[in-house]
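Below is one structure, written out as structure tokens; comments come after it.
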Amino acid sequence: MTDPADRLATLRVEALELIKALNRRLDGIIESSAHTTNDDEHDPEGVTVAYERAQTADLLQRARADLQALDAAGERLAAGTYGTCLRCGRPVNAERLEALPAATTCIQCANRR
């Protein structure tokens, strides 16, 4: 298994890079739509600017949520509680943490939702 601190740090850097890229993309969409009078909302041939903006904004929101989850996992790691299920207190399986490093619950508790 990968060292959790290294894995979380790497994923955090990747999340920050994704957030920067999505912010640039969203800014570009907004900038380009400000300089056009095209009525792409009713153009059956193309993707609408509103759809592209909404899609990018959603991706940005998800990336920010992922970053928050990674930061919370880092706090649990520092506190010595990383890998402990927040619901039942049992250990979170190593394979689950490898697949989902910010996981907060064991697989049994995750399946109970």
Side-chain angles (χ1 to χ4, degrees):
M1 183 172 152
T2 309
D3 176 51
D6 290 343
R7 178 116 163 104
L8 290 172
T10 298
L11 291 172
R12 188 174 195 287
V13 168
E14 290 172 2
L16 286 169
E17 289 173 359
L18 179 59
I19 288 168
K20 281 184 196 176
L22 289 169
N23 272 321
R24 282 191 307 269
R25 182 174 173 192
L26 188 58
D27 290 346
I29 293 167
I30 293 167
E31 174 79 20
S32 68
S33 68
H35 298 330
T36 184
T37 59
N38 292 344
D39 184 15
D40 69 55
E41 296 295 321
H42 300 94
D43 180 3
E45 297 298 319
V47 176
T48 67
V49 172
Y51 175 81
E52 188 176 357
R53 183 175 48 232
Q55 183 182 39
T56 302
D58 183 58
L59 291 171
L60 182 57
Q61 181 181 351
R62 289 179 192 199
R64 287 178 178 152
D66 289 345
L67 180 61
Q68 286 179 338
L70 291 168
D71 286 345
E75 290 171 9
R76 290 191 305 279
L77 187 63
T81 59
Y82 181 77
T84 301
C85 179
L86 295 181
R87 211 179 259 178
C88 72
R90 291 183 297 208
V92 177
N93 173 308
E95 290 83 13
R96 179 165 170 77
L97 289 173
E98 187 68 27
L100 300 167
T104 60
T105 58
C106 66
I107 195 72
Q108 292 82 8
C109 288
N111 286 335
R112 282 189 223 148
R113 290 183 183 206

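- V92 and L77 fall within a single hydrophobic cluster, where Ile, Leu, Val, Met, Phe, Trp and Tyr are joined by side-chain heavy atoms under 4.5 Å apart, directly or via other members.
- In terms of heavy-atom proximity, C106 sits nearest to R90 at SG-NH2, 3.8 Å.
- L26 CG to L59 CG: the interatomic distance, rounded to the nearest 0.5 Å, is 10.0 Å.
- Partners of D27 according to the side-chain contact (heavy atoms from CB on, under 4.5 Å) rule, which considers only residues two or more places apart in sequence or in another chain, do not exist here.
- Using a distance-only test at 3.5 Å, with no hydrogens or angles considered, a donor-acceptor pair links the side chain of S32 to the main chain of I29.
- We find the CG-CD distance between D66 and Q68 to be 9.5 Å, quoted to the nearest 0.5 Å.
- From R25, atom CZ reaches atom CG of L60 across 11.0 Å, with rounding to the nearest 0.5 Å.
- Scored by the side-chain contact (heavy atoms from CB on, under 4.5 Å) test, A15 finds L67, L70 as partners (sequence neighbours excluded).
- Considering CZ of R112 and CD1 of I107, their distance stands at 11.5 Å, rounded to 0.5 Å.
- If you take CG on L97 and CG on L8, they are separated by 9.0 Å, rounding to the nearest 0.5 Å.
- For P101 against A73, the heavy-atom pair with the smallest separation is O-CB, 4.0 Å.
- Remark: the backbone N or O of E98 is paired with a side-chain donor or acceptor of R7 at under 3.5 angstrom.
- Distance alone, capped at 3.5 Å, places no donor-acceptor pair between the D58 side chain and the A54 backbone.
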Between T84 and R76, does the side chain to side chain contact (heavy atoms under 4.5 Å, CB included) criterion hold? Intermediate values first, please. CA-CA 9 Å; T84 301; R76 290 191 305 279; over 6 Å; no
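- Other residues, nucleotides and ligands contribute only 12 or fewer heavy atoms inside 6.0 Å of the CD atom of Q61.
- Every side-chain contact (heavy atoms from CB on, under 4.5 Å) that E14 has, sequence neighbours left out, goes to T10, L11.
- Checking side-chain atoms of R87 against main-chain N and O of C109 turns up a donor-acceptor pair under 3.5 Å.
- Follow the hydrophobic side-chain contacts under 4.5 Å out from L22 and you reach I30 in the same cluster.
- Rounded to the nearest 0.5 angstrom, Q108 CD and R96 CZ are separated by 9.0 Å.
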